[in-house]
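Below is one structure; the comments refer to it alone.
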Amino acid sequence: MDATAENKGYTLGLKNRETGQDTSKVYMKPMALYVPAVAAAAVAALVDTLGRAEARYVLTVTNNNNGVSVDKEFPELADVVDETGAADAVKELINIVRGYDEDDDHNVCGW
């Protein structure tokens with residue numbers, strides 16, 4: 001990838017499968033999400049935006065530079081708001097996206 005290309009960051013998103021309502025936030029330095037407390041707080045903020053309804057959820061991480069996106073299903077609200085589970089899920093999703101980046105030789109976003 002061209003070193004002068006603009007960094008578009010990563011998007012962390014959450015969707016309520018029952019209502020279809022979703023929310024997201026772009027992180028220009030997504031490596032901060034490797035810190036469990038930061039990742040858990042980020043997911044909690046997304047849940048709060050959606051209103052903490054009892055439902056199935058899907059958490060998504062997208063590399064905005066190349067469009068690679070992966071997601072993880074959560075069967076209920078308790079699974080999403082569990083700090084350890086949320087932090088682990090964010091880290092897992094970022095690692096999967098980064099794996100695609102490395103396969104395509106597009107290691108971007110300050111990694």
**Qualifying salt bridge (charged side-chain N to carboxylate O under 4.0 Å, His left out) pairs with a residue from residues 38-51, counting only residues at least two apart or across chains** = Asp48-Arg52

**Prompt:** With sequence neighbours excluded, what pairs up with Glu76 under the salt bridge (Lys or Arg N to Asp or Glu O under 4.0 Å) test?
**Reply:** none

**Request:** Only counting residues at least two apart or in another chain, list the ones meeting side chain to side chain donor-acceptor pair (under 3.5 Å) with Glu83.
**Result:** none

**Item:** Test side chain to side chain donor-acceptor pair (under 3.5 Å) applied to Asn95 - qualifying residues, sequence neighbours left out
**Value:** Tyr34

**Message:** According to a hydrophobic-cluster definition based on side-chain heavy atoms being under 4.5 Å apart (Ile, Leu, Val, Met, Phe, Trp, Tyr only), do Ile96 and Tyr10 belong together?
**Reply:** yes

**Request:** Can you measure from CG (Leu12) to CG (Leu59) and round to the nearest 0.5 angstrom?
**Result:** 5.0 Å

**Message:** Just to verify, what does Thr11 make a side chain to side chain contact (heavy atoms under 4.5 Å, CB included) with, not counting sequence neighbours?
**Reply:** Ser24, Val26, Thr62, Asn64

**Prompt:** Who pairs with Gln21 by side chain to side chain contact (heavy atoms under 4.5 Å, CB included), at least two apart in sequence or on another chain?
**Reply:** Thr19, Leu50

**Message:** My understanding is that only residues two or more places apart in sequence, or in another chain, count here; which of them pass side chain to side chain contact (heavy atoms under 4.5 Å, CB included) with Ala86?
**Reply:** Val43

**Request:** Output the distance between atom CG (Leu93) and atom NZ (Lys91), rounded to the nearest 0.5 Å.
**Result:** 12.5 Å

**Complete:** side chain to side chain contact (heavy atoms under 4.5 Å, CB included) filter on Asp82, not counting sequence neighbours, yields Thr84

**Atom pair CG/OH of Asp22 and Tyr57 - distance to nearest 0.5 Å** = 12.0 Å

**Request:** Check salt bridge (Lys or Arg N to Asp or Glu O under 4.0 Å) between Glu73 and all other residues, then give those that pass, not counting sequence neighbours.
**Result:** Arg17

**Asked** When rounded to the nearest 0.5 angstrom, what is the spacing between OG1 in Thr60 and CG in Asp71?
**Response** 4.5 Å

